[in-house]
Structures are given as C-alpha cells and as structure tokens.
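We're numbering straight along the sequence, starting at 1. Just so you know, these numbers use all the heavy atoms, side chains as well, and skip hydrogens, waters and symmetry mates.
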Amino acid sequence: MKVNRLGRTGLKVSEVCLGTMTFGGPADEATSFAIMDLADAAGVNFIDTADVYPLGAGLDRVGATEEIVGRWIKSRGARERIVLATKARGRMGPNPGDEGLSRKHLMKAVEDSLRRLQTDHIDLYQVHSPDPDTPIEETLGTLTEMVRRGYVRYIGCSNYPAWQLAEALWASDKRGLARFDSAQPRYNLLFRMIEDELVPLCRSQGVGIIAYNPLAGGMLTGRYKERIQAEGNRFAMTGGSGDLYRRRYWNEAVFAAVDALAKHLEPRGKSLTHAALAWVLAQPGVSSAIVGASRPEQLEDSLKALEMTLEPEELAVLGEAWYSLPKERDPAVARR
C-alpha cells in the first residue's frame with residue numbers, strides 16, 4: 001500500500017482511504033468490523049466517516065457509523081496506526097442550530113464525534129459542505145480553536161467549489177487562522193469538472209485532494225449493466241440519496257460509456273473496477289481515494305486496482321469517456 005503526504009502537510013495517508021457511509025446501514029456492525037479488519041490488514045491506515053452517516057439515515061440513526069468505527073478502533077487497539085477523519089455540517093437534531101457551520105453547531109458536533117469515536121482527538125476534521133448562512137471567518141475561527149485545544153490535528157473541506165476554497169484560504173492567510181489542508185471532491189471517470197479549477201488551485205496551494213466516489217457509486221464496477229436497481233444499493237435508496245445518485249449516473253449516456261470502457265478492457269484481461277480506481281489514483285494532486293464497501297469481498301476486489309498498471313492507450317481510452325457525456329447543468333455541492 002503506497003503512502004502519500006496529504007497535500008503540503010507532514011500527515012501520511014494510505015493511497016486508499018476506507019469510506020464508511022454504509023456502516024450501520026447496508027453493512028451491519030459485524031460486517032463493518034470485517035471490512036475494517038480487511039482494510040487494516042491490507043495497509044489502509046486512513047478511515048473517513050461523518051457524523052450524519054450511515055448514508056440516508058434519519059435523525060434517529062445519525063451518528064451510528066461513528067459509533068461503529070469507534071468501537072472497532074478501541075477493540076483493535078488501532079488508534080495510533082489509524083488516521084481518523086470525520087465531517088460535520090449536516091442536520092443532527094430537530095432544532096435550527098442542529099446543522100450548519102456556526103460556532104454553536106461545530107463545537108457541539110466535534111464533542112459529540114469525539115465521544116462516539118471514543119478518542120481524544122480527530123486527525124482530520126472536515127466541513128462536509130459550504131454553509132451560506134455562516135461567514136467563513138466564523139467557521140475557520142471555530143476550527144482554529146479546535147486545533148488549539150487539541151481536539152483536531154488538521155482541518156479540511158468537502159464538496160467546496162474552487163472559488164469557496166480560495167475564499168477560505170484567503171481568509172486563513174489574512175486573519176492567521178487554521179487553513180484547509182485537504183479538499184474532498186467527487187472525482188471519477190464519469191465526473192471530472194474539478195479539473196478545470198479545483199485541481200489547479202489545490203496543486204498550487206498544497207491542498208491534498210481526497211477523491212470520493214471514484215467508482216461512481218458502483219456504476220464503474222459494471223454491476224448495473226442490466227439496468228436493474230437491486231435492493232440495497234445507492235440507486236435504489238428512497239429519499240434524497242437515491243435521487244441524487246440517479247440524477248448523477250442513471251442515464252443511457254453513462255450506461256453506453258461504461259459499456260464501451262468494459263468492452264475495451266475485457267480483451268486485455270483488465271477489470272473496469274480496477275482500471276477506474278487506478279485512473280483516479282494516477283491523477284495529479286490526488287493524495288488518496290475513498291473506497292467504500294457493503295461487504296468485505298467488495299473491498300477485497302477494489303484493492304486489486306493497486307496491482308494494476310494502465311498502458312498509455314488504456315489511459316487515453318479511459319480519459320475519453322468524460323467527453324462523451326452530457327455535462328451537468330449545476331455541479332453544485334451536495335453531500336453524498
């Protein structure tokens with residue numbers, strides 16, 4: 001397992017980061033433990049979660065994923081070998097102040113995450129998406145205090161467009177506040193909008209990119225070639241999460257692109273799953289890519305991408321897929 005620096009920092013993270021949004025949802029606790037055991041044995045030292053997980057949870061279930069991760073870390077004595085990342089911003093209760101990036105919400109959110117994760121510090125604390133109702137200086141000032149108190153080691157952002165990340169970096173520099181050292185955007189063969197502005201910004205400013213959705217919600221595994229939304233997958237989920245994934249990827253142009261890629265790779269004895277992940281890991285500026293699973297065998301298969309070398313011709317074909325697709329009108333930030 002290759003280990004990279006996270007942006008300009010001295011923090012060392014495995015090139016594959018274990019995503020946990022399924023833990024406590026499609027993956028029960030025993031299955032989640034098995035997935036984390038497999039990742040740990042494979043050299044994955046980077047775990048990413050969020051206070052609102054599992055994906056699609058109601059207010060009665062938010063926080064369950066962090067609790068599972070916390071119990072696993074404690075039972076395995078893994079705290080010192082794990083780079084632990086979590087996120088805050090989403091709704092955690094019924095009151096107006098139970099969401100957002102205000103000082104009120106963030107201070108409660110970090111204390112609750114520390115309790116659920118059974119740790120005295122979080123290695124990477126990320127804001128899950130922008131909050132238009134809170135000045136960036138208030139958010140960064142609160143995060144700076146967390147760093148000074150020792151609750152948090154590094155801070156990052158997720159789902160920020162380039163202009164808002166640039167605004168945040170400028171505010172940190174101007175006011176002497178902690179700065180975002182990582183950005184967590186959606187990035188895969190079927191969605192490459194971040195290459196226009198966000199990637200160049202991150203590379204010039206030393207902000208590490210942690211790519212999420214590298215397999216496009218499973219679309220790039222080829223498992224949906226029959227156009228069937230099997231029960232339990234992201235596309236079949238009811239509510240906002242399922243709608244979001246269907247809008248992103250469930251259309252004939254995407255199916256055609258995925259089919260063409262699979263047919264190109266198959267005679268070469270290469271899996272589209274492995275090629276898609278290997279492609280993301282090979283892109284400039286990417287420190288790590290988040291890979292999730294609902295079953296251990298899914299993660300075991302995904303990790304085989306680390307053994308793959310893509311030939312120049314294959315890279316060229318993979319790179320063309322994006323240009324064949326209709327572009328989203330509004331790539332606006334949306335929590336996954």
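- Hydrophobic cluster membership differs between Val44 and Val3, with clusters built from Ile, Leu, Val, Met, Phe, Trp and Tyr side chains linked at under 4.5 angstrom.
- Here the side chains of Ile122 and Leu114 are in contact, with some heavy-atom distance below 4.5 Å.
- In the hydrophobic clustering of this structure, Leu315 groups with Leu272; members are Ile, Leu, Val, Met, Phe, Trp, Tyr whose side-chain heavy atoms approach within less than 4.5 Å, directly or through other members.
- At a threshold of 4.5 Å between non-hydrogen side-chain atoms, the residues Tyr187 and Leu198 do not count as touching.
- At least one side-chain heavy atom of Val207 sits under 4.5 Å from a side-chain heavy atom of Leu169.
- Side-chain atoms of Lys174 do not come within 3.5 Å of backbone N or O of Ser172 as any donor-acceptor pair.
- Put simply, the side chain of Glu167 does not reach to within 4.5 Å of the side chain of Trp170, judged on heavy atoms.
- You'll find the side chain of Thr273 stays beyond 4.5 Å of the side chain of Lys304, heavy atoms only.
- More than 12 non-hydrogen atoms from other residues, nucleotides or ligands lie less than 6.0 angstrom from CD of Glu111.
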**Prompt:** Taking it one step at a time, do Asp48 and Leu124 satisfy side chain to side chain contact (heavy atoms under 4.5 Å, CB included)?
**Reply:** CA-CA 9 Å; Asp48 179 77; Leu124 177 62; 5.9 Å; no
From CA spacing to verdict: side chain to side chain contact (heavy atoms under 4.5 Å, CB included), Glu99, His128:
CA-CA 11 Å; Glu99 67 175 334; His128 211 152; over 6 Å; no
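- For the atom pair CH2 (Trp322) and CZ (Phe191), the distance works out to 6.0 Å, reported to the nearest 0.5 Å.
- Clustering ILVMFWY residues whenever any of their side-chain heavy atoms sit less than 4.5 angstrom apart, transitively, puts Leu165 in a cluster other than the one holding Trp163.
- Here the side chains of Leu143 and Val147 are not in contact, with every heavy-atom distance at 4.5 Å or above.
- Residues passing the side chain to side chain donor-acceptor pair (under 3.5 Å) test with Arg71 are Glu29, sequence neighbours excluded.
- Here the closest heavy-atom approach between residue Gly100 and residue Leu106 is recorded as O-CD2, 4.3 Å.
- Expressed to the nearest 0.5 Å, how far CG of Leu318 lies from CD of Glu313 amounts to 10.0 Å.
- Pairing each heavy atom of Asn4 with each of Glu15, the nearest pair is ND2-CB, 3.8 Å.
- The minimum heavy-atom distance linking Arg116 with Gly63 is given by the pair CD-O, 3.4 Å.
- Put simply, the side chain of His274 gets close to the backbone of Asp301: a donor and an acceptor are under 3.5 Å apart.
- Closest approach of Ser324 to Ala321, counting heavy atoms only: OG-O, 2.7 Å.
- Proximity of Thr142 to Met107: side-chain heavy atoms (C-beta onward) are separated by under 4.5 Å at one or more points.
- Side chain of Arg192 to backbone of Gly319: a donor-acceptor contact under 3.5 angstrom is found.
- To the nearest 0.5 Å, atoms OG (Ser102) and CG (Asp131) are separated by 7.5 Å.
- Between Asp173 and Arg179 there is no salt bridge, since no side-chain nitrogen of the basic residue lies less than 4.0 Å from a carboxylate oxygen of the acidic one.
- Listed for the Gln298 side chain is a donor-acceptor partner under 3.5 Å among the backbone atoms of Ser294.
- Interatomic distance, Gln126 CD to Asn159 CG, rounded to the nearest 0.5 Å: 10.0 Å.
- Heavy atoms only, all atoms of each residue included: Pro94 and Leu59 are closest at N-CD1, 4.0 Å.
- For the pair Lys263 and Asp259, the salt-bridge criterion is not met [side-chain N within less than 4.0 Å of a carboxylate O].
- Not one N or O on the side chain of Arg175 forms a donor-acceptor pair closer than 3.5 Å with the backbone of Gly141.
- Leu303 CG to Glu300 CD: the interatomic distance, rounded to the nearest 0.5 Å, is 8.0 Å.
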Is there a side chain to side chain contact (heavy atoms under 4.5 Å, CB included) between Asp181 and Arg8? Walk through the geometry before answering. CA-CA 7 Å; Asp181 281 314; Arg8 68 172 193 174; 3.6 Å; yes
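- Considering only heavy atoms from C-beta on, Val258 comes within 4.5 Å of Leu190 through its side chain.
- A side-chain contact (heavy atoms from CB on, under 4.5 Å) with Phe46 is found for exactly one of Leu11, Ile210, Ile82, Val16, namely Ile210.
- The closest donor-acceptor contact from the side chain of Asp51 to the backbone of Ser113 lies at 3.5 Å or more, if one exists at all.
- Salt bridge status for Asp98 with Lys108: absent, with no side-chain N to carboxylate O gap under 4.0 Å.
- Residues that satisfy the side chain to side chain donor-acceptor pair (under 3.5 Å) test with Arg79, not counting sequence neighbours, are Thr119, His121, Asp123.
- Of all the heavy atoms in Leu215 and Leu277, the pair that sits closest is CD2-N, 4.1 Å.
- Aromatic ring centroids of Tyr151 and Tyr125 lie 6.0 Å or more apart.
- By the salt bridge (Lys or Arg N to Asp or Glu O under 4.0 Å) test, Arg103 is found to be paired with Glu145, residues two or more places apart in sequence or in another chain being considered.
- With rounding to the nearest 0.5 angstrom, the CD1 atom of Ile136 is 7.5 Å from the CG atom of Leu101.
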Exercise. Please walk me through it: do Tyr154 and Val83 pass side chain to side chain contact (heavy atoms under 4.5 Å, CB included)?
Worked result: CA-CA 11 Å; Tyr154 300 88; Val83 176; over 6 Å; no
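- Ser14 and Asn45 share a donor-acceptor pair across their side chains, judged by distance under 3.5 Å alone.
- Checking side-chain atoms of Thr22 against main-chain N and O of Ala293 turns up a donor-acceptor pair under 3.5 Å.
- Counted within 6.0 Å of CD on Glu297, heavy atoms from surrounding residues, nucleotides or ligands total more than 12; the atom is thus considered enclosed.
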